[in-house]
Amino acid sequence: MLIATWNINGLGARFEFLVYWLKARRPDVVGLQELKATADNVPIPALEDLGYHAAVCGQKAWNGVAVLSRHPIEEVQSGLPGEEEAGARLLRVKTAGLDFTTVYCPNGKDIDHLDYPRKLAWFDSLRDYLGGSLGADESAVLCGDFNIAPTRLDTHDEDRLAGGIHHTEAERERFRALLDLGFVDLFRELHPETVKFSWWDYRFGAFHRNLGLRIDFLLATEAVRERVQEVETDRDYRKKKEGLIASDHAPVMARLGA
DNA sequence: ATGACGACAAACTGTCGA
């Protein structure tokens with residue numbers, strides 16, 4: 001079974017590219033972020049034709065998350081409780097035997113911006129919400145765009161960027177607090193020393209110079225981690241495909257055994 | 001190296017992203 005997370009940067013702009021990727025990789029379950037679309041803008045019949053069920057937590061223009069699954073989906077939670085003002089950023093479902101949550105965590109903009117303390121507070125809310133509802137032996141996945149580079153291995157320039165947005169100790173504490181709930185970072189578990197990014201700026205020729213960040217994660221509980229065979233960043237799909245423009249994020253995928 | 005890119009809403013420019 002293949003699970004994945006992907007910030008697609010606009011469902012309307014990316015749908016054809018998304019279909020292309022779904023056909024190529026055939027993931028069983030995928031968490032999508034940054035739909036920038038409402039639920040009724042999601043082309044459900046086209047997804048059904050490809051064999052996917054869909055659950056959507058959307059809003060106009062910004063944010064928005066969804067789960068696509070080749071297995072039936074039971075929606076558990078749409079929106080992070082207490083953080084409604086931050087937008088459509090969390091969706092939790094049961095599918096394929098998993099407690100599967102996908103999140104689009106706030107960016108924060110800059111450490112001097114009002115959005116930065118709001119970002120930290122949002123992570124506190126996420127920890128409190130999950131901490132109160134996560135079963136110890138559960139097969140749970142928490143995936144998405146976390147907008148935090150957890151360690152110096154997860155950024156192209158720790159020396160220059162440390163202390164700035166995505167690289168502050170306060171953000172990194174928030175990330176570790178999620179791990180403390182019983183999650184592990186699947187990519188880092190399998191590749192303790194590997195520098196591989198999941199996001200590259202559209203500007204500066206950043207992708208081709210590999211000036212990126214690893215901010216998209218598949219976190220999972222031990223029951224899932226035991227099943228993991230491989231984890232990879234689908235870097236090839238950060239590239240233009242048949243004239244279609246890619247997202248600025250690459251998908252991150254994990255192969256699970258039975 | 002902070003400009004370059006791209007999406008979106010609304011309007012042909014501004015805001016946001018990370």
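Order of the sequence lines sets the chain letters (A, B, ...), proteins ahead of strands, with each chain counted from 1. Here the structure is a predicted model, which means the values were calculated and not measured.
Between A:Trp200 and A:Phe197, the two ring planes are perpendicular [angle over 60°; tilted spans 30° to 60°].
Side-chain atoms of A:Arg92 and A:Ser133 include a donor-acceptor pair closer than 3.5 Å. Between the side chains of A:Trp199 and A:Asp145, no donor-acceptor pair of N or O atoms lies under 3.5 Å. If you check the side chains of A:Ser125 and A:Asp128, you find no donor sitting under 3.5 Å from an acceptor.
For A:Lys60 and B:dC8, the shortest distance from a side-chain N or O to OP1 or OP2 is not below 4.0 Å. A close approach under 4.0 Å does occur between a side-chain nitrogen or oxygen of A:Asn107 and OP1 or OP2 of B:dA18. Checking the phosphate oxygens (OP1, OP2) of B:dA18, a side-chain nitrogen or oxygen of A:His249 falls inside 4.0 Å. Taking side-chain N and O atoms only, A:Asn147 has a distance below 4.0 Å to OP1 or OP2 of B:dA18. Residue A:Tyr104 has a polar side-chain atom (N or O) positioned under 4.0 Å from OP1 or OP2 of B:dA18. Residue A:Asn63 places no side-chain N or O under 4.0 Å from the OP1 or OP2 atom of B:dC16.
Separation of the C1' atoms belonging to B:dA4 and B:dG17 is 15 Å when rounded to the nearest angstrom. Across the P atoms, B:dT2 and B:dC12 are found 30 Å apart, a figure rounded to whole Å. Nucleotides B:dA18 and B:dG3 are separated by 16 Å at their C1' atoms, to the nearest Å. As rounded to the nearest Å, B:dA10 and B:dC5 have P atoms that lie 25 Å from one another.
If you check every strand for non-hydrogen atoms under 4.0 Å, A:Asp145 touches sugar and phosphate atoms only. Across all strands, A:Gly108 comes closer than 4.0 Å to no nucleic acid atom at all (heavy-atom distances).
Between A:Leu186 and A:Arg225 there is a side-chain heavy-atom pair separated by less than 4.5 Å.
For A:Phe204, whose side chain is taken as the heavy atoms from C-beta onward, the closest listed nucleotide among B:dC8, B:dA18, B:dG3 is B:dG3. Among the nucleotides B:dA18, B:dT15, B:dG6, the one closest to any side-chain atom of A:Ile245 is B:dG6. Listed candidates were B:dA1, B:dC8, B:dA18. Nearest to the side chain of A:Ala13 is B:dC8. Closest to the side chain of A:Lys36, from the set B:dG6, B:dA9, B:dA18, is B:dG6.
Residue order along DNA chain B, read from the 5' end via each residue's closest nucleotide, puts A:Arg160 first among A:Arg160 and A:Ala61. In terms of position on DNA chain B, the residue among A:Ile165 and A:Gly205 whose nearest nucleotide sits closer to the 5' end is A:Gly205.
In this entry the distance linking CD of A:Gln33 with C1' of B:dG17 reads 14 Å, nearest Å. Spacing between atom CG of A:Asp201 and atom P of B:dA7 amounts to 14 Å, rounded to whole angstrom units.
Between the base of B:dA18 and the side chain of A:Arg203 there is no donor-acceptor pair shorter than 3.5 Å.
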